[in-house]
Amino acid sequence: MARMTMIEAIRSAMDVMLERDPRTVIFGEDVGYFGGVFRCTAGLQDKYGIERVFDTPINESAIVGMAIGMAAHGMRPCVEIQFADYMFPAYDQITQEAARIRHRSNEDFTCPITIRMPTGGGIFGGQTHSQSPEALFTHVAGLKVVQPSTPYDAKGLLIAAMEEPDPVIFLEPKRLYNGPFDGHHEAKASGWAGHPAGEVPEGHYTIPLGKAEIRRAGSALTILAYGTMVYVAEAAARETGIDAEIIDLRSLLPLDRDTIVASVAKTGRCVVIHEATRTSGFGAELIAEVQEACFYHLEAPIARVTGWDAPYPHAQEWDYFPGPARVARALIETMEA
Amino acid sequence: MARMTMIEAIRSAMDVMLERDPRTVIFGEDVGYFGGVFRCTAGLQDKYGIERVFDTPINESAIVGMAIGMAAHGMRPCVEIQFADYMFPAYDQITQEAARIRHRSNEDFTCPITIRMPTGGGIFGGQTHSQSPEALFTHVAGLKVVQPSTPYDAKGLLIAAMEEPDPVIFLEPKRLYNGPFDGHHEAKASGWAGHPAGEVPEGHYTIPLGKAEIRRAGSALTILAYGTMVYVAEAAARETGIDAEIIDLRSLLPLDRDTIVASVAKTGRCVVIHEATRTSGFGAELIAEVQEACFYHLEAPIARVTGWDAPYPHAQEWDYFPGPARVARALIETMEA
Amino acid sequence: MKLRFPTPPSRPGEPPDFSDLVIPPAGALPVPPLDLTSAAAWDYANGLVRVLDDEGRAVGPWADYLGQAGDDEALIRGMRDMLTIRAIDRRLLNAQRQGKTSFYMQCTGEEAIGCGFQRMLSKGDMNFPTYRQQSLLVAADYPLETLMGQVYSNRKDPLMGRQLPILHSAREYGFFSISGNLGTQYPQAVGWAMAAVLSGESAIAAGWIGDGATASNDFHSALVSAAVYRPPVVLNIVNNQWAISSFSGIAGGGEATFADRAIGYGLPAIRVDGNDYLAVLAASKWAIARARGGHGPVIIEWLTYRAAAHSTSDDPSAYRSKEEASAWPLGDPIDRLRQHLATKDIWSDGRHAQVEAEILDTVIATQKEVESHGTFVNPQPLSPAEIFRGVYKDMPPHLRRQRQEMGF
Amino acid sequence: MKLRFPTPPSRPGEPPDFSDLVIPPAGALPVPPLDLTSAAAWDYANGLVRVLDDEGRAVGPWADYLGQAGDDEALIRGMRDMLTIRAIDRRLLNAQRQGKTSFYMQCTGEEAIGCGFQRMLSKGDMNFPTYRQQSLLVAADYPLETLMGQVYSNRKDPLMGRQLPILHSAREYGFFSISGNLGTQYPQAVGWAMAAVLSGESAIAAGWIGDGATASNDFHSALVSAAVYRPPVVLNIVNNQWAISSFSGIAGGGEATFADRAIGYGLPAIRVDGNDYLAVLAASKWAIARARGGHGPVIIEWLTYRAAAHSTSDDPSAYRSKEEASAWPLGDPIDRLRQHLATKDIWSDGRHAQVEAEILDTVIATQKEVESHGTFVNPQPLSPAEIFRGVYKDMPPHLRRQRQEMGF
Ligand SMILES: Cc1ncc(C[n+]2csc(CCOP(=O)(O)OP(=O)(O)O)c2C)c(N)n1
Ligand SMILES: Cc1ncc(C[n+]2csc(CCOP(=O)(O)OP(=O)(O)O)c2C)c(N)n1
Ligand SMILES: [Mg+2]
Ligand SMILES: [Mg+2]
């Protein structure tokens, strides 16, 4: 066991896979010599050579397009999109190509690639360094979509993603890279050193895609969250004293429906939270599934607390970010409904 | 009044706007000399000249990027993406630029553009001529999203879209271009000539964005549909004898929530249908809104009938397309629940 | 001030006009060294590699360079390849007209390019084609039964009816799964070629794109990547003068050749008479040798003409002069090879008619057999549940639930 | 066989090395006609427009072409512009270090380009800039108070704190709203220029992009469109040698100049010494006159060096030699203009120090004033409800509901 930040855990996952599997290659903008603008690949080019860890031109479509071609040949590329906000030029290659090749070729060709991208707000990045596009991926059949909330999960899920036979979108909540988040932006981040989930094995281990984790057991109400929102949920539960069961989804696609349904069947109440804009956000999908599966258990409408339907603002970041106060209000309303 | 197919109605809308507003320009792949692969712009270049109706290179990002630049200057471009399946290379310009320019510049610049695209299946086009990407647009703050189901609505909504001060995604159900659809693919299309909604005024009129239309009044159950699914819903209601209220949304964003809520509050039951893949489809958003607003009226879980979570198949098109049989089953289950 | 809106030399009703197209004589261009640089490539990107002269004689340095690869056997095989794909195109066009399938696209007039290029590739090389390179499959000896099965989307279709007709996939035959979205295959070809090198193989990749689709963004993403990493990839541009209703000028082909694009990226390019089967063989041999020899990527612009409609959904008489195809200065690839074989006394009208008939018989027989496994008129549908197979390697729970909902 | 992975001439710890960079003498290139064609542009795309020689004298045909536009008054104004933006960059960098704002980006070493180009534009022309052309705003006499307000995201910010610092928008000053997504502004500039023509105006557009971002797909979409419609647009490439940690070779700049890209599209291009204020004025005058004269688009590659960090989030010492900036063969634009003014006896060290001090005083005074309207240390927050304003012209019901949910 070692202590790792989420950045170190992600780096360690790639390190393990570069070591174990000669088919692994890592590339993206600034990931080679420099080691990535968030340092996730620092040292890997030195250790494994420029042929396995390298820089690319500023062209996300080329990054994913090349990865698809390499995967068709038999390699296992893990590429970085510098910010999730910059995946849009690659959206055609991701959704129309990577997601489809196995099916359209009837398994003549496959596409085992992992596409990493820092997601979410919390760093005053404004509208082009803060977006959470997960719902734009969960709508696409053929993709798998993952988002960790701890270093331990980040490493286990990333290794699992890199071992997947199909394309995986790996969303990294940049707000959590260097430390957890007590839900309040005023409170300074405590760092992963103090956190149990900062304990990460040096070697190979996986966390299966499609399995959620119950972060807090509770009986009053179920909170569905992922990434930064897990910590906001914990803060809201703490501060309201509501005995909420907090489920960290970890995998959005495929979804751990059983864990969710079991919890809501038990609590009869559900609040869904995410940072992305509300309309057609992933919360809508969660609500659709829960109301279908748990209709007769539900004692209150399922509430959602999300980013507002506006571009992510710079100065007003914390008015946009769904914080503990907003979530607390939703918890109380849902309990009182 | 004249009789028009949906293609003629769409053409007539552009004709009216080219006539009325010198700021209007129309362009896209094959839209100029040839008049569009679906003939929606046929004759317009002859009538208004090559400077106002012209062909573009095969580059959707350029088509939308140029339109944004023109709109920033003060023009009113209405562009065609040849198939909705080909909007992906333009997705960056649409979602990160067009949708954002008013807000990010604090109204220093605006982006009044209309982006037309044929959507949906029903023509054996396979996975790259059949997609329904509406949910990829409804998640984007700053866009408006429209889909007509009749020639009359198509013209009125398209004129309204072209007069909008903000970007509008105008989705045209290609299955309905030449005639309505009795819901059964075996039955041959009857053509718009016989249909009341094929009666279209020659001149200028608008249908406001954000207003749904009740296609069939009913008391037993509410069906939320748009585009081709309106006809599938009508067939299913006919064949099950269930007194369904069928709401043709027409505008997905903004959504006519009042009409929807009033109906479900009355019927207590709701079925949502669309052709797009299920997970994170627009149906999820509808369900999230309805269960929140009508929770205490609901007597059964809200059901959704959608395209399957797979690429749109070629030969098996009609096993994929949500037909009357599937919708009928959902109606019956929802009534019996 | 006015904007420029390019218009083609002729529209319906007008006489065809190719006077802007400069056609240098066969043999005019030398054979460049395999390590040709972009700076030295100007003449090759603006000239035209041609072997057959107007009398059908093979002349000039490229004829010599071709050598054995252009022996009688190779040329007769080329003739058979071209006659085969042309027969198939005719038959499948008919089948579509009869409603036996939903859609089809011919490569009429462009047969030499795919047929010749494929014969110069080696086992293990990979093409990233568009929907107009079925000729590659024929020259790769792909079973006609399978080729036709895909077009009928029937029980013989290796893709189980999932893809639109003509969007083949045949890994074993060096043919990557075709996408309906233009351009995407181009950077994929670059990536595949990089993987070949990183895996220590000597295989090369070949990307294919049309003149119209050079305007698409992935043309650029591929050229930038190829320029940076210099993998063994041949990037082919099939300039058949037309996209759908828009001519090459709408793709920006007005002031420079498409081959010229490469030079600005620091990549060499050559421009080739795509209707001259010997020129195709020679240029392919050179480009493939260059790539395999580690000299880096190369772009080839193939000059040809789309003699048929864009697809079965298209009627070209609405946007171009009916006589254009016959006025096309580079002629028809089959006629030109036939003329050449005649000059060598290894071919005659009688022989041609006989071979054509043989091939037609085979194609018809195969077609009948394939149709017996289902057509759009007499379908033999698969289980609807097949829709869910292969979306992922292992079917996730939500797809299993949907399959149950479907009744399976 | 091996792939090629371009590496910069020097990395940290190594001596800087620009020996690959050929710097022709000032005055070597003639002034091309305004209707320069791509075919004739090769020398201009591979040479370098330079006016100031090593002694700081203005020499050659471009100096003559500049004429009145380069008179003493114009040059002294240019010096003031450059000193102003450099002072602002320094002060705002400091403010960011003190936590008064979240982020900043300097244009140190590149001041001449935007300052000179803007002075050659006319009212009504429109720039589509990147985040490194704040110099355009200074030379457009944009109020410093507003410029700084945007960077502090405070009550003086015309964008109400919505955008990241440096992503200005100033329609009245010919400055389009900057996007954080690279490349997108390039085809937008083409569209704006088309609209100008279609509206019967004589205004022109100028697109701006960095060497790294020429790799982005919208570089291609803009060049294809410009080549087809030939609108009055000047497409500027600011080649400052570096993206973030990757040098121009990773953008494909190894074998050809970025200006060469244009030629393959049938567009002319010129390459200019971007640190030579007189060369900037002359080349800008020529390109803008060409565009306004209806001769079509032109690409300008500005050769310069990014002397500062990429942004306040970046530390260049991790990936490039610390000495590179001082070793940059084209020097510093302010020093070079200063040397030239000295040769003309209209400038002295004393005068320079005095002007520098005046400017610094103004900048500091303005900064103090602006900071009084809020900083990240002492914020004067707007109502959270402002988030919903301007998403659409008229607020739709779902946003009104969300605003209520917010408590307003
Ligand atoms: C991204 C995208 N945009 C548009 C289309 C529609 N489309 C299909 S083929 C075609 C014309 C292509 O012309 P070209 O590249 O010259 O190839 P050719 O058909 O001549 O072989 C168009 C516009 C598409 N398939 N994909
Ligand atoms: C589409 C996209 N991809 C990546 C980025 C991240 N990014 C911001 S600036 C930059 C480097 C740009 O370099 P260059 O174009 O040379 O401009 P310079 O900073 O040198 O002025 C990168 C990679 C982005 N903003 N947008
Ligand atoms: Mg073509
Ligand atoms: Mg740069």
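Reckoned from all heavy atoms, side chains included, excluding hydrogens, waters and symmetry mates. Within every chain, numbering begins at 1; the chains are lettered A, B, ... in the order of the sequence lines, protein sequences first and strands thereafter. Because the structure is a prediction, the values reported are computed rather than measured.
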Sidechain-backbone polar pair: C:Q163 side chain, B:Q127 backbone, donor-acceptor under 3.5 Å: no
Per-residue contacts, residues 72-96 of chain B versus chain C, heavy atoms under 4.5 Å: B:Q82, B:D85, B:Y86
Interface residue of largest heavy-atom contact number with chain B, from C:L182, C:T184, C:V391, C:I244, under 4.5 Å: C:I244
Interatomic distance, C:Q402 atom CD to B:T279 atom OG1 [nearest 0.5 angstrom]: 6.0 Å
Is the C:F5 ring parallel, tilted or perpendicular to the B:F54 ring (thresholds 30°, 60°)? tilted
C:I387 versus chain B, heavy atoms under 4.5 Å apart: side chain, backbone, both or neither? both
To the nearest 0.5 Å, tell me how far B:D309 CG sits from C:R403 CZ. 14.0 Å
Within residues 323-337 of chain B, contacts to chain C at heavy-atom distances under 4.5 Å involve B:R326, B:R329
Applying side chain to side chain contact (heavy atoms under 4.5 Å, CB included) to C:M1 and not counting sequence neighbours gives D:V197, D:P232
Determine the interplanar angle of the B:F34 and C:Y319 rings, folded into 0 to 90°, and report it as parallel if under 30°, tilted if 30 to 60°, perpendicular if over 60°. perpendicular
By a 4.5 Å heavy-atom criterion (distance strictly below it), what part of C:T7 contacts chain B: side chain, backbone, both, or neither? side chain
Would you name the heavy atoms of C:L3 and B:E51 that are closest together and state the gap between them? N-OE2, 4.5 Å
Please look at C:S383 and chain B and tell me whether the side chain, the backbone, both or neither of the residue comes under 4.5 angstrom of a heavy atom of that chain. backbone
Part of C:F376 within contact of chain B (heavy atom distance under 4.5 Å): side chain
Donor-acceptor contact present, side-chain B:Q316 to main-chain C:E386, <3.5 Å: no
To the nearest 0.5 Å, atom CZ of B:R278 lies from atom CD of C:E405 at 4.0 Å
Is C:L159 close to chain B through its backbone or its side chain, or both, or neither, when contacts mean heavy atoms under 4.5 Å? neither
Find the one option among C:S153, C:G374, C:G407 whose heavy-atom pairs under 4.5 Å with chain B are most numerous. C:S153
In terms of heavy-atom proximity below 4.5 Å to chain C, should B:T56 be classed as side chain, backbone, both, or neither? backbone
Looking at every heavy atom in both C:A318 and B:Y33, which two are closest together, and how far apart are they? O-CE2, 3.4 Å
Within the supplied structure, the quantity of interest is the number of heavy atoms (other residues, nucleotides, ligands) at a distance under 6.0 Å from C:R401 CZ; does it exceed 12? yes
What's the separation between atom CH2 in B:W308 and atom CZ in C:F388, rounded to the nearest 0.5 Å? 5.0 Å
Proximity of residues 57-66 of chain B to chain C, residues having a non-hydrogen atom under 4.5 angstrom: B:P57, B:I58, B:N59, B:S61
Just checking, any donor-acceptor pair under 3.5 angstrom between side chains of C:S102 and B:H314? yes
Applying a strict 4.5 Å limit to non-hydrogen atoms, the region of C:H310 in contact with chain B is neither
Per-residue contact mode, C:P8 against chain B (heavy atom under 4.5 angstrom): neither
